[in-house]
Amino acid sequence: MIDYFFPNGLPPTSTVGMAGSILGLSMVILFLRYTSRDKYPYPPGPKGYWYTGLPSTKVPSKKFWLTYIEWGKKYGDLIHFTRFGKHYLVLNSLQAARDILDKQARITSDRANTQLDGISHLEEFMSLQPYSDKWRKSRKLFHQIFRAEATSQFRPIQTQQIYDFVEGLRFSKHTLKDQISTVSQKIMFAAIYDLEISSNKEEMPVHNREMIDFNVSSNSFIPGWDGFKYIPFIQHFPSWFPNGQLIAAHRTLGQVTEDGVNKPWDAVQEKMKSDGDHASLIAKLLSRTDPENHEEIHRIKWFGFTSIAAASDTTVTAMSTFFLAMSIYPEVQSKGQEELDTVLGKGRMPTFDDRASLPYIEAIFREVMRWHPAFPMGMAHDSMEDIIYNGYYIPKGTSIYANIWAMTHDPSVYKDPDQFIPERHLRKDGHFDNINSILAYGFGRRVCVGRYMANDTVWLTIAATLAAVKISTLPNENVEDYFSDGAFW
Ligand code: HEM
């Protein structure tokens with residue numbers, strides 16, 4: 001009988017002991033989990049049904065960040081709900097975000113990956129990778145390239161492209177939105193691949209656009225909308241099944257992503273063969289990598305497309321926000337232009353070296369980042385352990401969203417938060433808050449790794465545009481149309 005269970009004889013006592021210990025430990029963990037769960041309630045929030053959780057009709061898809069502010073009036077700064085067994089938590093206050101996402105970053109820096117994300121290759125993007133060795137190695141690579149001291153390498157590219165963009169504002173036949181999107185992508189394609197693109201409608205930038213559009217149209221950034229992905233075996237469900245189109249769309253996205261990664265990569269490989277002087281960032285990274293180190297080469301390949309995808313639309317949103325603000329607040333525009341005229345003299349274009357002498361332009365930049373943060377609710381951080389916070393139980397595996405919008409529009413911190421008031425950032429001592437305090441870049445160990453480059457691009461766009469163009473004279477543009485929904489989507 002015993003032989004039946006252990007055909008190779010009884011296991012050694014140490015193995016039995018170990019198994020016993022593991023069993024015992026598991027029971028203790030289970031016990032602790034249950035006692036934590038029993039002792040501490042989940043944070044308050046709207047209730048749903050067993051398993052399916054909050055119905056999708058109750059999960060807001062438009063201006064969702066505002067809905068959570070409304071819900072906050074009823075439930076408080078922490079709002080909890082479930083969808084298909086997955087726990088979601090929205091943090092409406094900066095204090096809670098600092099406590100949970102910054103101070104406990106060791107256990108709140110995960111990203112959830114599902115079977116569907118594997119189909120669409122989303123798991124290859126550093127921004128979407130779980131908190132793992134794979135992510136750590138990618139993040140290190142990004143950090144080397146985009147850390148504060150290194151981003152000055154991109155300034156010549158940013159300067160040339162932004163000056164050309166400003167020049168084009170006077171006569172270009174393209175819409176403002178296309179011009180902004182083009183310059184944002186031009187900067188990134190030049191910086192990463194040394195590839196010149198002339199329009200956002202070209203094949204390579206379009207792959208990037210399609211990927212972003214997918215994430216936006218599938219509501220990927222909205223707390224709870226990805227709940228269906230956690231249904232077991234969802235990747236095998238037929239297309240007529242609810243959400244079946246989204247499952248099929250993940251397969252299509254897989255192809256888009258592959259093209260997005262491969263096309264510029266192949267173009268760089270060609271250039272490296274045909275042009276001995278080719279010195280793109282990708283080529284430089286490859287030149288110091290062992291050709292047999294396939295893991296590192298794979299990482300560099302995905303570093304390229306991830307940078308393009310992460311940078312383009314976020315930067316576009318910040319730039320567009322600036323144009324919107326200037327068209328609505330002409331007095332702010334005039335003040336910025338006066339400062340430029342006084343400090344630089346009429347007709348001189350600003351450079352990065354002028355930044356410290358232009359406090360009002362700096363204040364406009366800070367206000368742009370506050371007024372319409374590009375990612376109003378950032379990206380979800382998943383918890384890797386159970387957390388007890390302020391007497392509430394946040395289970396392991398909860399997707400935690402910081403409501404950045406709520407924090408940058410907190411009336412107790414910002415008077416008249418919906419108004420665009422650069423003066424609120426000017427202090428008597430002439431100093432500004434550390435650039436890392438800009439909440440639009442997120443939190444903890446997942447904070448935007450490209451923020452120093454983004455600061456440069458957005459700041460120079462503001463300064464150069466105000467130095468050369470009066471925004472109300474843009475040809476037949478109603479800038480507000482670009483923000484039909486309060487942010488770029
Ligand atoms: C105004 C422009 C930008 C804004 C507002 C912005 C905002 C953000 C936010 C909110 C996150 C998520 C942070 C979190 O999880 O807490 C993020 C992540 C990221 N951003 Fe940016 N971003 C901008 C530009 C850029 C640029 C220029 C790059 C260049 C490469 C970049 C690369 C990334 C990457 C790779 C991540 C993922 C980091 C990780 O998961 O470890 N971003 N960004």
Side-chain angles (χ1 to χ4, degrees), residues 63-66 68-69 90-98 100-102 105 109 127 142 146-148 151 180-181 184 187-188 212 215-216 220-223 307 309-326 355 361-381 400-411 413-414 417-422 424-425 432-463 482-483 485-489:
K63 295 192 180 184
F64 45 97
W65 49 94
L66 298 182
Y68 290 109
I69 294 177
V90 173
L91 310 176
N92 266 341
S93 78
L94 180 58
Q95 185 64 51
R98 292 271 179 250
I100 295 173
L101 302 180
D102 285 348
S109 295
S127 28
F142 273 82
F146 293 115
R147 68 188 199 281
T151 37
I180 292 175
S181 166
S184 165
I187 292 171
M188 291 314 291
I212 306 279
N215 279 315
V216 173
S220 299
F221 300 116
I222 303 179
S307 303
S312 306
D313 268 41
T314 43
T315 313
V316 167
T317 300
M319 289 178 174
S320 310
T321 298
F322 158 68
F323 279 92
L324 171 66
M326 293 306 103
R355 187 160 180 172
I361 301 295
E362 184 68 38
I364 293 178
F365 164 71
R366 304 289 178 127
E367 188 65 348
V368 162
M369 301 303 282
R370 180 201 72 82
W371 194 53
H372 275 267
F375 256 136
M377 295 199 62
M379 293 173 76
H381 291 221
I400 307 173
Y401 289 79
N403 190 345
I404 296 174
W405 186 283
M407 297 166 202
T408 63
H409 290 73
D410 179 347
V413 182
Y414 304 102
D418 294 335
Q419 301 292 311
F420 189 89
I421 308 174
R424 66 171 96 241
H425 303 279
F432 286 91
D433 286 342
N434 186 302
I435 206 97
N436 282 321
S437 64
I438 295 176
L439 299 178
Y441 292 125
F443 293 91
R445 295 188 188 173
R446 289 292 191 153
V447 69
C448 174
V449 75
R451 62 198 183 282
Y452 300 106
M453 186 181 190
N455 286 339
D456 279 355
T457 300
V458 179
W459 179 84
L460 191 62
T461 303
I462 293 172
Y482 299 118
F483 291 86
D485 201 19
F488 76 110
W489 54 78

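All values below were derived from every heavy atom in this structure, side-chain atoms included, with hydrogens, water molecules and symmetry-related copies excluded.
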CD1 of Ile435 to CH2 of Trp459, rounded to nearest 0.5 Å, is 11.0 Å
Residue set satisfying ring-ring contact (aromatic ring centres under 6.0 Å, His included) with Tyr68, at least two apart, ordered chain then number -> Trp71
Under the side chain to side chain contact (heavy atoms under 4.5 Å, CB included) rule, what do Leu101 and Arg446 come out as? Steps first, then yes or no, please.
CA-CA 9 Å; Leu101 302 180; Arg446 289 292 191 153; over 6 Å; no
Using every non-hydrogen atom in the two residues, find where Ser127 and Met379 come nearest and quote the distance to one decimal.
O-CE, 3.5 Å
Donor-acceptor contact below 3.5 Å, side chain Arg370 vs main chain Pro417
yes
On a heavy-atom basis, which atom in His409 and which in Pro373 lie closest, and how many Å separate them?
CE1-CD, 4.3 Å
Rounded distance (nearest 0.5 Å) linking atom CD1 of Ile100 with atom CD of Gln95:
10.0 Å
Starting at CZ of Phe64, measure out to CD1 of Ile69 and round the result to the nearest 0.5 Å.
11.5 Å
Looking only at heavy atoms, the pair that brings Met369 and Ile438 closest together is CB-CG2, 3.8 Å
What pairs with Asp433 under side-chain hydrogen bond (donor to acceptor under 3.5 Å, both in side chains), at least two apart in sequence or on another chain?
Arg427
I would like to know whether Tyr441 and Thr314 meet side chain to side chain contact (heavy atoms under 4.5 Å, CB included); could you show each step before the answer?
CA-CA 10 Å; Tyr441 292 125; Thr314 43; over 6 Å; no
Report the residues that fulfil side-chain contact (heavy atoms from CB on, under 4.5 Å) with Asn436, sequence neighbours left out, ordered by chain and then residue number.
Asn434, Arg451, Tyr452
Inter-residue atom distance Glu367.CD - Ile462.CD1, 0.5 Å rounding:
10.5 Å
Measure the shortest side-chain to side-chain distance between Ile404 and Trp65 over non-hydrogen atoms and say whether it is less than 4.5 angstrom.
no
I'd like to know whether Asp410 forms a side chain to side chain contact (heavy atoms under 4.5 Å, CB included) with Leu94, so could you lay out the CA-CA distance, the side-chain angles of the two residues, the decisive distance to 0.1 Å, and finally the verdict.
CA-CA 9 Å; Asp410 179 347; Leu94 180 58; over 6 Å; no
I need the minimum non-hydrogen distance between Ser320 and Ile180, along with the two atoms involved.
OG-CD1, 3.7 Å
Could you state the interatomic distance from CG (Asn403) to CG (Asn92), rounded to the nearest 0.5 Å?
4.5 Å
The criterion is side-chain hydrogen bond (donor to acceptor under 3.5 Å, both in side chains); which residues satisfy it with Ser181, sequence neighbours excluded?
Asn200
Are any side-chain N or O atoms of Ser312 and backbone N or O atoms of Ser184, one a donor and one an acceptor, separated by less than 3.5 Å?
no
Rounded to the nearest 0.5 Å, how far apart are CG of Asp102 and NE2 of His381?
8.5 Å
Applying ring-ring contact (aromatic ring centres under 6.0 Å, His included), name anything that partners His425, two or more places apart in sequence or on another chain.
none
Restricting to non-hydrogen atoms, name the atom on Gly450 and the atom on Phe146 that form the minimum distance, rounded to 0.1 Å.
CA-CB, 4.2 Å
Anything under 30° is parallel, anything over 60° is perpendicular, the rest tilted; go ahead and classify Trp405 against His372.
perpendicular
Residues passing the side-chain hydrogen bond (donor to acceptor under 3.5 Å, both in side chains) test with Thr461, sequence neighbours excluded, are none
Please walk me through it: do Phe420 and Trp371 pass ring-ring contact (aromatic ring centres under 6.0 Å, His included)?
CA-CA 7 Å; Phe420 189 89; Trp371 194 53; 5.2 Å; yes
